[in-house]
Amino acid sequence: MSYPFKEIEEKWQKAWEKQGSFVSLPDSKRKKYYLLEMFPYPSGKIHMGHVRNYTIGDVAARFKCMQGFNVMHPMGFDAFGQPAENAAIKNKTKPDTWTHKCIDWMRIELKKMGFSYDWAREVSTCDSPYYKWNQWIFLKMFERNLAYKKASGVNWCPSCETTLANEEVIDGACWRCHTRVEQKDLEQWYLKITAYKERLLDDLQGLKNWPERVLSMQSNWIGKSSGVQIYFKLKNTGETIPVFTTRPDTIFGATYIVLAPEHPLVKNIIQGNPQEKEALKFIKRVSRESKVVRSSSDVKKEGVFTGSFAVNPANNEEVPIWIADYVLMEYGTGAIMAVPTHDQRDFLFAKEHKLPMRIVIKGPDSLEKMTEAYEGNGVQVNSGQFNGLNNEEAKSKIAQWMEEEGIGKVETHWRLRDWLISRQRYWGTPIPIIYCPKCGVVPVPYEDLPVVLPKDAPFTGEGGSPLAKVKEFVNVKCPKCNGPARRETDTMATFFDSSWYFLRFCSPKDDHLPFNKDDAAYWMPVDQYIGGIEHAILHLLYARFFAKFFQDLGLINFKEPFNRLLTQGMVLKDGEVMSKSRGNIVDPDSIIKLFGADTLRLFILFAAPPETELEWDDRGIEGAFKFLNRVWRIKENLKDRADSELIKVMHKTIKRVSFDIENFKFNTAIAGLMEFVNVIYQSTCDKEVFKNLLIMISPIAPHFAEELWQELGNKESIFNSVWPQYDSNLLLDENVEIVIQVNGKLRLKLEVPADIAEDKLKELVFSDERLKPWIQNKTKKKFIFVPKKLINIVV
RNA sequence: GCCGAAGUGGUGGAAUGGCAUACACGUCGGUCUCAAAAACCGAUGAGCGCAAGCUCGUAAGGGUUCAACUCCCUUCUUCGGCACCA
């Protein structure tokens, strides 16, 4: 007979809700702990990824609570976004109706898992009391020129019919629908995240409790590269061609320069030269190639000579100017100095086109023997006054010299671009801007917020912003001159909404500011944040940017919003990510029906450490169920007094499990509990021991533990009890097993008193018959003794 | 190419430089049963051996150390990020 999980889970979910068990209030006398999991998009159904993410968080929240922390554990919904529009078209409903229905379903499913959320703090980003503050934040940014409108080439997804931020383009395709992204010239709203690039990069250093790979991804994305802009001059006209390099130490080896085909100077340079016709042909051909093809690294580097020359400012040498497809207009200055001896791309290009080379940093090969560029360090040669210096040293010396001579300038390049936030979609926060023919771009006054998203908009699926078709929305009076004006009909990207929701949770109902300063000062920063690695760049970078902006507004007084970050691994089935298209989904609800939420929680924590991928295993879930039943049956055999040995094991288990849960090592924490239960089965167990076992299981299987806790006669909830402490005196054994090694190889194990003296032990070891064959007739060189652990005899 | 993470039984996975493979799954055996299921107990890295036991074994190779899955170097493979980034 298995334990009645269904009744138990329903019973306690109701009881906790009624008692308000997880409601959190600021309390300056108690230490706070803000535990946050990335809030879900309300698709209507939770999936295993949610279950894993939220179970990890829930264990930590309940554990911290029993350790005496004032825990805040909120939940909400990231509710704006495109799927709602698609569903509205498909099901002939409204995005608003559809989304709220999904939220209701989702809330029920989350509650079925028994998560300890403070539902009083729930927020949905699609509700105007929330998105009003998106508009407020936007206006604050607008005032500071951090939100601006600009016409430029943008990423355009033809399938979603909207623009995309750079962060939303993955391998040249839309992150959502994988359609190939096109370039389009449009006037769009941007947030000046680049104004924060140094802080976003530098402050990564302080994030000691973030995973290495997330830090590295963010740092790559921000992409700082320091170097020198060097001014080459056109031989004939004296016009300047700036090039960017990170290797100023190789300037004396720059034997030609290369311009991107789109470079604005190209036309002038080739004009009238015999090479003009060929060059034009080449430029035309390259312009037709797509960006993706051009940036694939295995394509041969092609180029043509322009017929013109420039002057290398370091040695006044004349160098030919080429055009090549491997130089990109978007990066640096769109022109490079080529050093074939010390850059592999330049080397290949120079060999192909028989261009001159000169070694300026001594490497292993002579010029004749060189088969590839030498990109390592070494001593400067052929470099005028810098000969003999190590190139690393020469880098800064040369840069300095160039600045003094006025032939170069130290410069830093960044990969990070401003964040494109306007979307030509309906289901998002309206951008609070009005266009007046007289006054131009006018921000909506603060007192007029929120600009409410009209509930009715025509959905045809034909593209174009649906809001533009709602006359009552579009036509307004100009706040400045009261004349007829027109509203902005683009909405904000949903990543805007999620960039500050963690602050809103601190005071979800505040109608004064996005969040209450005092509440945020108490709860923030988030102590532990948990979510998927897919947000390593997008959401986590934007949220950091917003936090820094709020810091500048004086609303908060810390740099970084998330102290610790845990990125949980994905849930796989048969080695592949669970997805609808693969048809390998395991529905959490079906598992809850069969085994209950507690078993599901237990399995998902036991099967793998939180950060790694987790392979779903139907038999594993049965194993988890078996374990809970095994614990359930202990109550039938409780005696008045427990074995003293069992009590020792209990204290060891308390130590171990506390440490493991504290450090998010749930799989080994559970292993420890299983070992403990195995020992209980072979000993005499009493109520006190069993109680401690239940407390340790309770964060993992809360309903289960609460039920047994009550059966033992406790009136208070198990979650009001204090996490057990171990008695370090009981951790010590009287006898210990000592491992005897000879030359590092295990030969013998001895059971001896724990406090045995080294001499006595030595005597014991050398007199042991079983060891004779290994040490007889051999000279003993060394005797290593690690107390309570091992002896190593070197012969 | 650069940056980051990882590589351990049939499987998921354990091991502050000190007994490699904890815990679980699977498999095999036993107890209970008319029988089965459940439950409980036990065995389970490979090779050799009747056995006590021995040898090998943590991607590969080298090094440091009395002692290396763990530290260092080289290489390979897998995954992730960035990338003709100058």
Side-chain angles (χ1 to χ4, degrees), chain A residues 1-2 170 211-225 227-228 230 243-247 250 254 257-258 260 294-301 324-328 330-339 342-346 348-349 375 413-415 533-534 536-537 567 572 603 606-609 611-624 626-627 629-630 633 659 665 667-678 681-682 737-749 770 773 781-786 788-795:
Chain A
M1 268 298 284
S2 53
I170 313 291
E212 212 33 69
R213 67 170 166 159
V214 175
L215 295 175
S216 132
M217 281 161 82
Q218 291 222 351
S219 159
N220 279 342
W221 187 261
I222 297 168
K224 181 180 181 174
S225 109
V228 181
I230 302 176
V243 304
F244 177 71
T245 182
T246 54
R247 294 289 307 270
T250 63
I257 68 173
V258 189
R294 225 180 116 183
S295 53
S296 65
S297 49
D298 34 290
V299 168
K300 204 170 98 184
K301 297 161 188 18
D325 57 356
Y326 76 96
V327 176
L328 307 173
E330 310 83 86
Y331 190 79
T333 60
I336 62 157
M337 64 178 214
V339 186
H342 305 295
D343 181 290
Q344 184 59 16
R345 286 160 307 171
D346 297 343
L348 292 174
F349 192 81
E375 295 179 343
H413 277 269
W414 301 79
R415 217 195 73 95
I533 185 73
E534 66 273 19
I537 296 172
T567 48
L572 311 181
F603 168 71
F606 181 58
E611 295 91 342
T612 59
E613 289 178 334
L614 183 151
E615 174 70 29
W616 182 265
D617 179 7
D618 285 325
R619 284 188 293 219
I621 192 107
E622 284 174 44
K626 220 159 89 178
F627 172 69
N629 279 303
R630 208 164 139 82
R633 284 190 300 270
F659 178 84
K665 294 165 73 153
N667 54 331
T668 49
I670 293 167
L673 291 171
M674 286 172 167
E675 282 177 60
F676 184 33
V677 169
N678 288 344
Y681 263 72
Q682 279 160 30
E737 196 182 54
I738 300 265
V739 170
I740 319 291
Q741 297 181 334
V742 178
N743 287 340
K745 283 214 162 102
L746 170 73
R747 294 301 176 196
L748 191 65
K749 291 180 186 179
R770 290 168 293 181
K781 279 192 194 147
K782 232 175 191 176
F783 185 86
I784 287 144
F785 175 53
V786 184
K788 292 177 194 175
K789 269 196 184 138
L790 124 168
I791 280 171
N792 193 8
I793 304 161
V794 187
V795 295

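These numbers come from the heavy atoms of this one structure, side chains and all, not from hydrogens, waters or symmetry mates. These numbers were taken from a predicted model, which means no experiment stands behind them. We name chains A, B, ... by the order of the sequence lines, and we start the count at 1 in each one.
- Within the 4.0 angstrom heavy-atom criterion, no nucleotide atom of any strand lies near A/Pro211.
- Atom CD in A/Gln218 sits roughly 14 Å away from atom C1' in B/rC3 (whole-Å rounding).
- B/rG9: glycosidic angle within 90° of 0, hence syn.
- Comparing B/rG63 with B/rG9, their C1' atoms sit 28 Å apart, to the nearest whole Å.
- Checking A/Gly744 against A/Asn667, the closest nucleotide of RNA chain B that is more toward the 5' end is the one next to A/Asn667.
- B/rG61 sits 15 Å from B/rA68 when the P atoms are compared, rounded to a whole Å.
- Per the geometry, CD1 belonging to A/Ile791 stands 14 Å off P belonging to B/rC19, to the nearest Å.
- Pairing of B/rC50, defined by two Watson-Crick or G-U wobble distances under 3.5 Å, is not identified with any nucleotide.
- Within the 4.0 Å cut-off from OP1 or OP2 of B/rC25, at least one side-chain nitrogen or oxygen of A/Lys626 is found.
- To the nearest whole angstrom, the two P atoms, one in B/rG47 and one in B/rG10, are 10 Å apart.
- Closest to the side chain of A/Ile784, out of B/rG4, B/rA14, B/rG18, is B/rG18.
- In this structure, of B/rG12, B/rC82, B/rA86, it is B/rC82 that holds the atom nearest to the side chain of A/Asn220.
- Counting non-hydrogen atoms under 4.0 angstrom, A/Lys665 reaches the backbone sugars and phosphates but no base.
- Note on A/Val794: only backbone sugar-phosphate atoms sit closer than 4.0 angstrom, heavy atoms only; bases stay farther off.
- Checked against B/rC23, B/rG12, B/rG18, the side chain of A/Ala607 finds its nearest nucleotide in B/rG12.
- Dashed line: the shortest gap from a side-chain N or O of A/Gln682 to OP1 or OP2 of B/rG42 is under 4.0 Å.
- Using a 4.0 Å heavy-atom distance criterion, A/Lys745 is classed as a sugar-phosphate-only contact.
- Summarising the local packing, CZ of A/Phe659 is surrounded by 12 or fewer heavy atoms from other residues, nucleotides or ligands at distances under 6.0 Å.
- Looking at the side chain of A/Leu328, the nearest of the listed nucleotides B/rA14, B/rC82, B/rC84 is B/rC84.
- The residue A/Asn743 sits apart from the nucleic acid: no heavy atom pair falls under 4.0 Å.
- The distance between atom CD1 of A/Ile670 and atom C1' of B/rA14, rounded to the nearest whole Å, is 14 Å.
- Atom C1' of B/rA5 sits at a distance of 16 Å from the matching atom of B/rA59, rounded to the whole Å.
- Within the nucleic acid shown, A/Glu615 has no heavy atom closer than 4.0 Å to any nucleic acid atom.
- If you check B/rC69 for Watson-Crick or wobble pairing at under 3.5 angstrom, you find it has no partner at all.
- In this structure, the CD atom of A/Glu622 is 15 Å from the C1' atom of B/rA39, given to the nearest Å.
- Base pairing analysis places B/rU16 opposite nothing; no Watson-Crick or G-U wobble pair with both distances below 3.5 Å involves it.
- Distance from the side chain of A/Ser216 is smallest to B/rG4 among B/rC85, B/rG4, B/rA15.
- When both pairing distances are held under 3.5 Å, B/rA24 makes a Watson-Crick or G-U pair with B/rU11.
- Among the heavy atoms of the strands lying under 4.0 Å from A/Asn792 is at least one base atom, whether or not backbone atoms are also near.
- Annotation: the span from A/Met337 atom CE to A/Ile230 atom CD1 amounts to 4.5 Å, rounded to 0.5 Å.
- Distance check, rounded to the nearest 0.5 Å: CG of A/Asp346 to CG of A/Leu348 gives 9.0 Å.
- With distances taken from any side-chain atom of A/Trp221 to the nucleotides B/rC82, B/rC19, B/rC41, the minimum falls on B/rC82.
- Each of A/Ile170 and A/Lys789 was assigned the nucleotide of RNA chain B with the nearest heavy atom; the assignment lying further toward the 5' end belongs to A/Lys789.
- When Watson-Crick and G-U wobble pairs are counted only if both distances are under 3.5 Å, B/rU33 pairs with no nucleotide at all.
- Distance noted for atom C1' between B/rA38 and B/rU33: 11 Å (whole Å).
- Across the P atoms, B/rG4 and B/rC72 are found 13 Å apart, a figure rounded to whole Å.
- With a 3.5 Å ceiling on both atom-pair distances, the Watson-Crick or G-U wobble partner of B/rG45 is B/rC56.
- Remark: the separation of the C1' atoms in B/rC54 and B/rU78 is 36 Å, to the nearest Å.
- B/rC82: Watson-Crick or G-U partner is B/rG1, with both key distances under 3.5 Å.
- Contact check for A/Ile336 versus A/Ile257: no side-chain heavy atoms found under the 4.5 Å cut-off.
- Distance CD (A/Glu330) to P (B/rC85): 12 Å, rounded to an integer number of Å.
- Side-chain atoms of A/Asn678 and A/Arg630 include a donor-acceptor pair closer than 3.5 Å.
- Distance A/Ile621 CD1 to B/rG26 C1': 17 Å, rounded to the nearest Å.
- Of the side-chain N and O atoms in A/Arg747, one or more sit less than 4.0 angstrom from OP1 or OP2 of B/rC54.
- Rounded to an integer number of Å, the gap from A/Asn678 CG to B/rG42 C1' is 13 Å.
- Listed candidates were B/rA24, B/rA86, B/rC25. Nearest to the side chain of A/Ser225 is B/rA86.
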(request) Begin with the C-alpha distance, continue with both residues' side-chain angles, and end with the deciding distance and a verdict on side chain to side chain contact (heavy atoms under 4.5 Å, CB included) for A/Phe627 and A/Phe603. (result) CA-CA 10 Å; A/Phe627 172 69; A/Phe603 168 71; over 6 Å; no
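- Contact annotation: A/Arg630 reaches the phosphate of B/rC40 (side-chain N/O to OP1 or OP2, under 4.0 Å).
- When distances run from any side-chain atom of A/Leu746 to the nucleotides B/rC19, B/rC56, B/rC41, the shortest one goes to B/rC19.
- Applying the 4.0 Å criterion to OP1 and OP2 of B/rC66, one finds that A/Gln741 has every side-chain N and O outside that range.
- Using a 4.5 Å heavy-atom threshold, the side chains of A/Val739 and A/Ile791 count as separate.
- Between A/Asn220 and A/Gln218, the closest side-chain pair of non-hydrogen atoms is not below 4.5 Å.
- The side-chain heavy atoms of A/Tyr331 and A/Ser225, taken from C-beta on, include a pair separated by under 4.5 Å.
- From A/Asn792, atom CG reaches atom CZ of A/Arg747 across 11.0 Å, with rounding to the nearest 0.5 Å.
- A distance of about 4 Å separates the C1' atoms of B/rU8 and B/rU58, rounded to the whole Å.
- Proximity note for A/Met217 (side chain, C-beta onward) versus B/rC41, B/rG80, B/rC23: the nearest is B/rG80.
- We find that CG of A/Asp346 is positioned 13 Å from C1' of B/rC85, with the value rounded to whole Å.
- Put simply, A/Arg633 has a side-chain N or O that comes within less than 4.0 Å of OP1 or OP2 on B/rC40.
- Within 4.0 Å of A/Arg213, counting heavy atoms only, lie sugar-phosphate atoms of the nucleic acid but no base atom.
- In the set B/rC85, B/rA24, B/rG13, the nucleotide with an atom closest to the side chain of A/Arg345 is B/rC85.
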